[in-house]
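Letters A, B, ... mirror the listed sequences (proteins, then strands); counts begin at 1. In this text the structure is predicted, and so the values were computed from the model without any measurement.
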There are 2 protein chains.
Amino acid sequence: MKERVTFEEYVKIASNSATESGNCPVSGLLLMLQGKWKNQIIYAMSLNDTIRFGKLKKEVPGITNTMLTNTLRELEADGLIHREQFNEIPPHVEYSLTEKGRNLFPIFYEMLKWGLRYAT
Amino acid sequence: MKERVTFEEYVKIASNSATESGNCPVSGLLLMLQGKWKNQIIYAMSLNDTIRFGKLKKEVPGITNTMLTNTLRELEADGLIHREQFNEIPPHVEYSLTEKGRNLFPIFYEMLKWGLRYAT
DNA sequence: CGGAATCCTTACGGATACTG
DNA sequence: CAGTATCCGTAAGGATTCCG
């Protein structure tokens, strides 16, 4: 696939990518990014090769244990992050972005450019 | 801003773009795209220069009047679409993407590439 | 034709307390 | 340290009926 396309080309490609159920690859990704904390967690994780639960909680101000746990589980189920547990005393867990997760960055970069352009 | 950047450069730019409230331009955009029907409506509108309520309803299978109305109002409030009302008998309304809305396309294109690459 | 009004159900987000 | 378990309020999504 080309690096850059016109709007008309995009539409053509997108229409050919729809499945019978009416879902398109874009919808699936948007679903993965839905939720109040997804973006902030992914961003915090992009700043660290690996990051622990406690540090993540500090870097995402206002999040509760419950929401951090839930959101991490969703991100893991979607294959965007990796969870590695160390059974030591005290136990700890390291989270990191997968390749799939890191490859979201061109998308975030386009979103950032758009956001800066149209920021109110 | 450059056309393409490395991951590290993106992170740097993004961290400089955060406001005091902790919100970033990316979060704002993600909020605009949140909702079950946003993507499908924007996509249907990208296929037509202008489109009417009734046709839009046909092109977004399963949507109800209520949800179509609500979602269109949100998209309009966010400046992504334009609404033009013709007071004729019978009355009709034309919806179209604004420049701001059309400029989402590089984002959707990156999402599409990602989605096709990681489609399960 | 293009909605508005109403009512209903579920999902999301969150506060608090407790634990291996 | 890194979570669970419970409970709760709000908001998102939807079905149905009616209207200018």
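Sequence order on DNA chain C of the closest nucleotides to A:Pro91 and A:Gly35 puts A:Gly35 first from the 5' end.
The rotation axes computed at either terminus of the helix from C:dC1-D:dG20 to C:dG20-D:dC1 lie 60° apart, taking five pairs at each end and rounding to 10 degrees.
The heavy-atom pair separating A:Gln34 from B:Gly35 by the smallest distance is NE2-N, 3.3 Å. When all heavy atoms of B:Asp49 and B:Ser96 are compared, the closest pair comes out as O-CB, 3.2 Å. Minimum interatomic distance between A:Ile41 and A:Leu75 (heavy atoms only, all atoms of both residues): CG2-CD1, 3.8 Å. Taking every heavy atom of both residues into account, A:Asn39 and B:Cys24 meet most closely at ND2-SG, 3.6 Å.
If you measure from atom CD of A:Glu84 to atom P of D:dG3, you get 13 Å, rounded to the nearest angstrom. Look at CZ on A:Arg83: it is 8 Å from C1' on D:dA2, rounded to the nearest Å.
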Show which side-chain atoms of residues 52-64 of chain A pair as donor or acceptor with protein atoms under 3.5 Å away, not counting sequence neighbours.
residue	atom	partner	partner atom	Å
A:Lys55	NZ	A:Asn48	OD1	3.1
A:Lys57	NZ	A:Asn65	OD1	2.9
A:Thr64	OG1	A:Met67	N	3.3

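Note on A:Tyr95: only backbone sugar-phosphate atoms sit closer than 4.0 angstrom, heavy atoms only; bases stay farther off.
Residues meeting the side chain to side chain donor-acceptor pair (under 3.5 Å) test with B:Thr69, sequence neighbours left out: none. B:Tyr118 meets the ring-ring contact (aromatic ring centres under 6.0 Å, His included) test with B:Trp114; sequence neighbours excluded. With sequence neighbours excluded, no residue forms a ring-ring contact (aromatic ring centres under 6.0 Å, His included) with B:Trp37. Here A:Arg117 pairs with B:Glu99, B:Asn103 under the side chain to side chain contact (heavy atoms under 4.5 Å, CB included) rule; sequence neighbours left out.
Using a distance-only test at 3.5 Å, with no hydrogens or angles considered, a donor-acceptor pair links the side chain of B:Thr98 to the main chain of B:Leu80.
Within the structure, the salt bridge (charged side-chain N to carboxylate O under 4.0 Å, His left out) test picks out the following pairs touching residues 31-44 of chain B (sequence neighbours left out): B:Lys38-B:Glu74. Within the structure, the side-chain hydrogen bond (donor to acceptor under 3.5 Å, both in side chains) test picks out the following pairs touching residues 75-87 of chain B (sequence neighbours left out): B:Arg83-B:Gln85, B:Arg83-B:Tyr95, B:Gln85-B:Asn87.
Here B:Phe108 contributes atom CZ and A:Leu30 contributes atom CG; the two are 6.0 Å apart, rounded to the nearest 0.5 Å.
Between the side chain of B:Thr66 and the base of D:dT16, a donor-acceptor pair under 3.5 Å is found.
Proximity of residues 67-78 of chain A to DNA chain D (heavy atom under 4.0 angstrom from any strand atom) is restricted to A:Thr69, A:Arg73. Residues of residues 51-65 of chain B having a heavy atom closer than 4.0 Å to DNA chain D, listed by number: B:Thr64.
Under a hydrophobic clustering in which Ile, Leu, Val, Met, Phe, Trp and Tyr are joined whenever their side-chain heavy atoms come within less than 4.5 Å, directly or via other members, B:Leu31 and A:Tyr43 fall into different clusters.
OP1 or OP2 of D:dA12 has not a single side-chain nitrogen or oxygen of B:Trp37 nearer than 4.0 Å.
With a cutoff of under 4.0 Å to any heavy atom of chain B, the contacted region of DNA chain C is bounded 5' to 3' by C:dC1 to C:dA5.
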* side chain to side chain contact (heavy atoms under 4.5 Å, CB included) evaluation trace for B:Leu104 with B:Leu29 -> CA-CA 10 Å; B:Leu104 292 172; B:Leu29 173 54; 3.7 Å; yes
* Report the C-alpha separation of A:Leu97 and A:Ser46 in whole Å, then their side-chain angles, then the decisive distance to 0.1 Å, and conclude whether the side chain to side chain contact (heavy atoms under 4.5 Å, CB included) test is met. => CA-CA 7 Å; A:Leu97 287 172; A:Ser46 74; 4.1 Å; yes
Could you run down the sub-3.5 Å N/O contacts of the protein with nucleotides 7-11 of chain D?
none

